[in-house]
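Would you mind keeping the following structure in view while I ask a few things?
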Amino acid sequence: MLSKSCGVVVNGNHTDIVVNVHSNRIFIVISQYEKLGSIVTVCRDAAVQGFNNTTVYDTKVIFGKDEPEILSATRHFKL
């Protein structure tokens with residue numbers, strides 16, 4: 001398992017970022033409160049439209065608040 005962590009300042013707030021790479025998954029933690037808030041799974045899939053394959057991401061909250069803003073933010077992590 002590969003693990004990296006760092007701290008950065010985002011809009012004046014200290015933000016911790018941790019990335020753990022496993023053989024079949026990537027676990028990313030981004031926190032400004034030094035704790036986990038919500039855990040969201042993101043699965044990559046392909047949608048076939050005619051002869052074009054389009055990458056689609058399915059997001060699901062498995063822990064924490066199930067809010068549209070959280071799911072929208074996770075869609076920006078195209079892995």
So if you build clusters from Ile, Leu, Val, Met, Phe, Trp, Tyr with side-chain heavy-atom gaps below 4.5 Å, do V29 and V9 land together?
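No: no chain of side-chain contacts under 4.5 Å links V29 to V9.
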Quick one, I17 and V8 - any side-chain contact, counting heavy atoms below 4.5 Å?
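A side-chain contact under 4.5 Å exists here.
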message: For a 4.5 angstrom cut-off between non-hydrogen side-chain atoms, does V18 reach I28?
response: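 With C-beta onward as the side chain, the pair stays apart.
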- Query: Is there a chain of hydrophobic side chains (I, L, V, M, F, W, Y, each step under 4.5 Å between heavy atoms) that links F27 to F63?
  - Reply: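 Yes, F27 and F63 fall within the same hydrophobic cluster.
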Q. How far apart are the C-alpha atoms of H22 and N20, what are their side-chain angles, what is the distance that settles it, and do they pass the side-chain hydrogen bond (donor to acceptor under 3.5 Å, both in side chains) test?
A. CA-CA 6 Å; H22 300 271; N20 291 323; 5.0 Å; no
Taking distance alone, no hydrogens or angles, what donor-acceptor pairs closer than 3.5 Å link side-chain atoms of residues 35-43 to residues at least two apart or in another chain?
from, atom 1, to, atom 2, distance (Å)
S38, OG, K65, N, 3.2
T41, OG1, K60, O, 3.4

N24 atom CG: more than 12 heavy-atom contacts under 6.0 Å
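Above 12, so yes.
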For a 4.5 angstrom cut-off between non-hydrogen side-chain atoms, does M1 reach V21?
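Answer no - side chains too far apart.
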Handout entry: Polar side-chain atom of T15 near backbone of N13 as donor-acceptor pair, under 3.5 Å
Key =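 Side chain of T15 to backbone of N13, a donor-acceptor pair under 3.5 Å: yes, one is there.
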Would a single hydrophobic cluster contain both I62 and I70, if residues Ile, Leu, Val, Met, Phe, Trp and Tyr are joined by side-chain heavy-atom contacts under 4.5 Å?
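No, I70 and I62 fall in different hydrophobic clusters.
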